[in-house]
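These numbers come from the heavy atoms of this one structure, side chains and all, not from hydrogens, waters or symmetry mates. Below, chains carry the letters A, B, ... as their sequence lines are ordered, and counting in each starts from 1.
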There are 2 protein chains.
Amino acid sequence: MTAPVTIADVARLAGVSAVTVSKTLNNTGRISEQTRARVIQAARDLGYVANPAARRLRGARTNLVGMVVPELVSPYFAEVARAAAEAASSAGLDLGVFTTSRDPARERERVAALSGGLADGLILVVPTDDPQHLDVLQRSRTPIVLISHFGTPTDLPNVRADSYHGAHAATTHLLDLGHRRVGFIAGADGSSQAHERLRAYRDATGERGLLDPDLIRPGNFTQRRGFEAARELLDLPDPPTAIFAASDATAFGAMDAVKDRGLRVPQDISVVGFDDIAAASQSHPALTTVRHPIHDMSDSALRLLSGALAGEAVRGTVLDYPSELVVRETTAPPRSS
Amino acid sequence: MTAPVTIADVARLAGVSAVTVSKTLNNTGRISEQTRARVIQAARDLGYVANPAARRLRGARTNLVGMVVPELVSPYFAEVARAAAEAASSAGLDLGVFTTSRDPARERERVAALSGGLADGLILVVPTDDPQHLDVLQRSRTPIVLISHFGTPTDLPNVRADSYHGAHAATTHLLDLGHRRVGFIAGADGSSQAHERLRAYRDATGERGLLDPDLIRPGNFTQRRGFEAARELLDLPDPPTAIFAASDATAFGAMDAVKDRGLRVPQDISVVGFDDIAAASQSHPALTTVRHPIHDMSDSALRLLSGALAGEAVRGTVLDYPSELVVRETTAPPRSS
DNA sequence: AAGATCTGGGTTAACGATTACCCAGACTGT
DNA sequence: ACAGTCTGGGTAATCGTTAACCCAGATCTT
């Protein structure tokens, strides 16, 4: 039950004033080498860490950045959080991750509490697309960076993942291999990313006159639904020879269905996923998929935030990161060709 | 760039003093209905949210709980974080998740910063087992709850996941099905959980005189290593008819290897995992595995923390949650029997 | 009817750290 | 030798909120 050690404790032990301790530890003001050494020693001995609340209240920096994500269980968000934590760490910042469970009210509270007095800056992943909410964000004094916000435009810096190009490339890849019937298992309704992926699939197949509505199945990003939807596709009178799933999990479900039918991937059926989660490269055969440059995105988000913290003007910046196709082992030319 | 609205702004608008606003909003002290209504209205109009830093500094509660985890990418920690966030939310608390990347120094910093002035309480998942570090934790004034700490004993409340029983049950399950050669793919060296799982496997096979060191392969919890290790096992002169993997990811890798050999799960080879990650129930065939009662554990951890926050004596509490076998579709009697 | 009690709200101080400002002594230059 | 500069460090004020006290007027006692 030891009370936390304060700056006064350190000052007492070092035989100086609290101000001198503060100056020493923050490298501000003039301090002699002797005193500096004494202070640092005392701080170390006591295990002193400045109280962030006090620091923040005084207007100084906390070096804490808050990240608000819808949830953490889907590998995508987990990966974004991890990449951001690493980027933050190498920028000398700490990252605290807060989840909203996709509850707009909770998102508002989190943002208010964090920007009000805990964090130096905020990174919002897929913020709720509510004009009023976004307006509040825009007026906030604490720097905010958006990740993958696609709705109502704002002038907040926004780092976006562009699903379209990757999805288009993936579909084209299958077409180029010789597939003429490529099935698509969609993502969740209402997700802008899901919408983009479907649009790209439609465009790519349409360009070659190979668009068949029967080959498009609804989905929800889950593995289970991937399994079912793939079954539906395989049960078609004229089944596809390749399946493009809107997420890796869905693709794994689809692969399960293919194997369950006694067919082989990729010899009988090619499968492509989307996201490049960790399991994609580790499964066997390794999944051909589309990768969001999550690391680059998180790096950029943190660079923008650091910039804003340092007073740079970052308003209006929009960084679009194209997704890219990663060809592994689950795609091959169709049997017939 | 609106400056955050402070309690003084609300006071001014409502025509009262700051203290009255504080009392009203915190339901402390006597306030007339009239005044109360005016204050609440003003606060709402201004969108006032108390500055957590100031509040915390004054010694009042932040309603923020910090959770420190090694990382977030492995589904296990992601799930623990999610369950804790839900439990926190229903206890009226917010949960901020911080990662350490398994860096002890970073863990110490995080804990110091959080307990020093950000969070009301802390939940530490798998804390570094350093006596000195643990001593600091034990002296901390802010309540701390440990999750799955197995090393140096402390009197901090500790909610533990017991891997042993579940792993023993899993092995016995395979043995009861008639398997006489059960392979084991271990977890990462140095993980106490990995050690317990191996110990249980050894005990369970040993009890029936079926322990064969050749059937034990090193692993590291990854899918890739599961694939390789399973190959090694299948290449044995007298290969196992069942494989018990120390994690679900490893089990998936093993299943890949089995299928890659043209064998079927569970007809030719049974596979059991450990953790019951989301993909376990969604894959096909659905994975037989061992589940940690993560939700119960997180609930308990938060209950303990809330209790401590409310002044209850929770020191010394140790809750051991047994892991339990979940039989799904990847286990069956061996071919020969 | 005069003290006691209650009501509703204000005053003051404090939390821990930082910043702006100040000052004593040592050193410089001419 | 005396004003100016530099060095090293201290004092006071401040951030936003709340707990501990206090007090004026209304209401209640007997």
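Set against D:dG8, C:dT18, D:dG16, the side chain of A:Asn26 has C:dT18 as its closest nucleotide. Side-chain proximity of A:Val19 to D:dG10, D:dA20, D:dG9: nearest is D:dG10. The A:Arg30 side chain lies nearest to D:dG8 when the options are C:dA17, D:dG8, D:dG9. In this structure, of D:dA12, C:dT7, D:dC21, it is D:dC21 that holds the atom nearest to the side chain of B:Lys23.
Between the CG atom of B:Asn63 and the P atom of D:dT18 there is a distance of 11 Å, rounded to whole Å. Put simply, CZ on A:Arg56 is 13 Å from P on D:dT17, counting in whole angstrom units. Between B:Tyr48 atom OH and D:dG16 atom C1' there is a gap of 7 Å when expressed in whole angstrom units. In this structure, B:Arg61 places its CZ atom 24 Å from P of D:dG16, rounding to the nearest Å. Distance CG (A:Asn27) to C1' (C:dA17): 16 Å, rounded to an integer number of Å. Between A:Ile7 atom CD1 and D:dG10 atom C1' the separation is 13 Å, expressed in whole Å. Note: CG (B:Asn51) to P (D:dG16) measures 7 Å, nearest angstrom. The nearest whole Å value for the distance from the CG atom in A:Leu57 to the P atom in D:dT14 is 14 Å.
Residue-level contact check: A:Arg55 touches the backbone only, with heavy atoms under 4.0 Å from sugar-phosphate atoms and none from bases. Using a 4.0 Å heavy-atom criterion, one finds that B:Val16 contacts the sugar-phosphate atoms exclusively.
A distance-only check finds a donor-acceptor pair linking the side chain of A:Arg110 to the backbone of A:Thr99 [under 3.5 Å].
Nucleotides of DNA chain C nearest to B:Glu33 and A:Ser22 differ in position, and the one nearer the 5' end is that of B:Glu33.
Checking the phosphate oxygens (OP1, OP2) of C:dG9, a side-chain nitrogen or oxygen of B:Ser32 falls inside 4.0 Å. Phosphate contact (OP1/OP2 of C:dA14, side-chain N/O of B:Arg58, threshold under 4.0 Å): absent.
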**OP:** Could you walk me through whether A:Arg102 and A:Glu71 pass the salt bridge (charged side-chain N to carboxylate O under 4.0 Å, His left out) test, one step at a time?
**Re:** CA-CA 7 Å; A:Arg102 304 185 186 281; A:Glu71 40 112 349; 3.2 Å; yes
**OP:** Starting from the C-alpha separation in whole Å, work towards a yes-or-no answer on salt bridge (charged side-chain N to carboxylate O under 4.0 Å, His left out) for B:Glu109 and B:Arg106.
**Re:** CA-CA 5 Å; B:Glu109 283 170 26; B:Arg106 217 189 288 184; over 6 Å; no
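There is a side-chain donor-acceptor pair under 3.5 Å between B:Glu107 and B:Thr128. Side-chain polar atoms of A:Asn63 and A:Arg56 form no donor-acceptor pair below 3.5 angstrom.
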